[in-house]
Amino acid sequence: MEKITLFDKTFVPYISNARINEAIDKVAARMNEDFKDSKDIPILLCVLNGSIMFTAELMKRLRFQCQLVSIKLSSYDGTQTTGEVSTTMDFTAPVKGRRVIIIEDIVDTGNTIVELKKLLKDKGADDSYVCTLILKEESYKKDEKLDYVGISIENRFIVGFGLDYNEIGRNLPDIWILDPES
Ligand code: IMP
Ligand code: MG
């Protein structure tokens, strides 16, 4: 099997770029249906850095008027979540009174989503929705509704399509998983 090495870890192919694109098509179609008659201009909130590729691919498919805003959060160190979410770059535009669609690369424990929803509420956002490309279903135990989910996966570490291992691997077009043999 094809393998790649990032620092000390080996990864094997897991989700192809074609399958990722199919999942994005489906999410976009649902979102277009839900937001087509909007009287407002919803915000697409790109959660940097992981969501950058997903946000770009999703946006191309959206047919309603929307505004792109970013924020940078972090909680992962290597292949483990630290459980603490910190803001490393604040919202790039005001969210007060706006409807916000959070665009996440992956939802794992859900700590990031809970923190984001809290931040949005504190800053006076009107309403918020969650859209994630990947969901680690078994790991997610929070009550926040996940409005749009692209692909559900088992609870294992992955890289590619925006997702990193210590900041590398984000540029890979496919998603790769830690080699169980490594
Ligand atoms: P949560 O707060 O535990 O839901 O984790 C969400 C964040 O952790 C994501 O936005 C990612 O940046 C990171 N993350 C979670 N799982 C993975 C993974 O398998 N690979 C790379 N990053 C991950
Ligand atoms: Mg990350």
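Every number for a ligand or one of its atoms is a count from 1 in the order of the listing.
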Atom pair [atom1] ([X]) and [atom2] ([Y]), whose distance is rounded to the nearest 0.5 Å:
X    : Y    : atom1 : atom2 : result
S51  : R170 : OG    : CZ    : 9.5 Å
I175 : Y14  : CD1   : OH    : 9.0 Å
L163 : I52  : CG    : CD1   : 12.5 Å

Exercise. Check ring-ring contact (aromatic ring centres under 6.0 Å, His included) between F35 and all other residues, then give those that pass, not counting sequence neighbours.
Key: F64, Y129
Quiz prompt | Residue-ligand contact K136/ligand 1, heavy atom below 4.0 Å | solution =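 It does; at least one heavy atom falls under 4.0 Å.
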Quiz item: In the hydrophobic cluster built from side-chain contacts under 4.5 Å, what are the other members alongside V149?
Solution: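 Its cluster partners, ordered by chain and number, are I43, L45, V47, V69, I71, L73, V85, F91, V95, V100, I102, V107, I113, L116, L119, L120, V130, L135, Y140, L146.
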Quiz item: Charged N to carboxylate O under 4.0 angstrom, R98 versus D126?
Solution: no
Show me which atoms of ligand 1 lie under 4.0 Å from any heavy atom of [X].
X    : answer
E104 : 10 (O)
F157 : 18 (C), 19 (O), 20 (N), 21 (C)
D164 : 21 (C)

Practice problem: Using distance alone, determine whether I158 and ligand 1 share an N or O pair under 3.5 Å. | Solution: yes
Quiz prompt | Nitrogen or oxygen atoms of G110 and ligand 1 under 3.5 Å apart | solution = yes
Self-check item: Between S16 and D174: side-chain donor-acceptor atoms closer than 3.5 Å
Solution: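 The answer is no; no qualifying pair exists.
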Practice problem: Please state which part of L73 comes within less than 4.0 Å of ligand 1, counting heavy atoms only: side chain, backbone, both or neither. | Solution: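 The answer is neither.
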Practice problem: Answer side chain, backbone, both or neither: which part of L163 comes under 4.0 Å from ligand 1, heavy atoms only. | Solution: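 For L163, only side-chain atoms sit under 4.0 Å from ligand 1.
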Exercise. Pick, from T112, N49, D105, the option with the minimum heavy-atom distance to atom 10 (O) of ligand 1.
Key: D105
